[in-house]
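Before any comments, here is the structure.
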Amino acid sequence: MKQKETKILVAIIAIILIVGTIIVFTKGLTFELKYQNNKKMEIHLGKEFEEKDIKEITKEIFGEQQVIIQPIEVYKDAISITSTEITEEQKAQLLTKVNEKYGTELSSDNITVEEISHIRGRDIVKPYIIPFTVSTVIILAYLVIRYNKLNVLEVLTQSIGIIVLAQLVLLGIISITRMPIGKFTIPSILLVYMLSTYICTTKFDGDLEKIEDTKEKK
């Protein structure tokens with residue numbers, strides 16, 4: 001990579017890290033609905049229903065408000081509706097429209113509403129910490145063995161630096177773009193992790209080639 005291109009890349013990374021850090025400390029990260037403070041309402045219809053009908057009803061009542069709809073129970077005669085907020089008015093409207101659609105006589109007794117607390121980001125990644133740590137130790141050991149002709153300390157520090165920097169850049173991009181933390185977060189982390197290990201091997205292969213070329217010239 002040319003010196004000018006390297007400077008541009010360093011500048012871009014620095015901007016992402018600085019802006020991302022500011023946003024994290026001022027606005028925090030955004031989370032998918034199921035990880036936010038929300039309310040979950042369960043409606044027991046006592047009969048089968050079409051999920052698309054419920055989606056049409058909730059869209060009419062909740063508008064642009066985020067909603068998750070999920071059938072429950074073995075016979076799928078009940079449904080859960082999750083949103084950031086469910087008011088008494090929305091609950092009443094939902095009952096009315098469901099009764100009209102399916103000819104039922106549901107009342108508030110057929111509905112349960114549960115408040116669900118926000119799930120912290122650390123709790124999402126917690127199950128992956130030990131596997132991630134073990135994998136990193138194994139990869140670092142492999143790199144040290146494979147590139148034993150290079151300075152071992154430099155191989156370790158550069159590898160750790162590249163892996164950590166890649167994850168920090170990803171976090172910065174997530175915070176800047178306001179990408180919600182959710183089901184795609186862990187796959188994204190793993191993808192960046194694999195790319196960073198590939199960058200390490202590519203760099204060290206290049207360093208080895210330089211050493212071999214130097215020996216041949218001598």
Test log, rule side chain to side chain contact (heavy atoms under 4.5 Å, CB included), inputs K55 and K59: CA-CA 6 Å; K55 285 182 178 179; K59 186 176 182 180; over 6 Å; no

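Shortest non-hydrogen contact noted between R178 and I23 is NH1-CG2, 3.1 Å. Contact between L153 and N151 at its shortest, heavy atoms only, is N-OD1, 3.0 Å. Here the shortest heavy-atom pairing between Y147 and V155 reads O-CG2, 4.1 Å. Between S159 and L143, the closest heavy-atom pair is OG-CD1, 3.4 Å. Between V67 and S83, the shortest heavy-atom distance links the atoms CG2-OG, 4.1 Å.
A chain of hydrophobic side-chain contacts below 4.5 Å, direct or via other Ile, Leu, Val, Met, Phe, Trp or Tyr residues, connects I69 to L45. I18 and L168 fall into different hydrophobic clusters, where Ile, Leu, Val, Met, Phe, Trp and Tyr residues are linked whenever their side-chain heavy atoms come under 4.5 Å apart, directly or through other members. A continuous path of Ile, Leu, Val, Met, Phe, Trp and Tyr side chains, each step under 4.5 Å between heavy atoms, connects I15 with L165, placing both in one hydrophobic cluster. Under the 4.5 Å side-chain heavy-atom criterion for Ile, Leu, Val, Met, Phe, Trp and Tyr, I12 and V19 are members of the same hydrophobic cluster.
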Side chains of residues 169-176: which donor-acceptor partners sit under 3.5 Å, not counting sequence neighbours?
from, atom 1, to, atom 2, distance (Å)
S175, OG, G20, O, 3.4
S175, OG, L171, O, 3.3
S175, OG, G172, O, 2.8

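With 3.5 Å as the limit, one finds a donor-acceptor pair spanning the side chains of T104 and N99. A donor and an acceptor atom, one from each side chain of D53 and Y102, are located under 3.5 Å apart.
For the pair E100 and K97, the salt-bridge criterion is not met [side-chain N within less than 4.0 Å of a carboxylate O].
Other residues, nucleotides and ligands place no more than 12 heavy atoms under 6.0 Å from the CD1 atom of I130.
Here the side chain of Q65 pairs a donor or acceptor atom with the backbone of E85 at under 3.5 angstrom.
Not a single ring pair (Phe, Tyr, Trp, His ring centres under 6.0 Å) links F49 to another residue, sequence neighbours left out.
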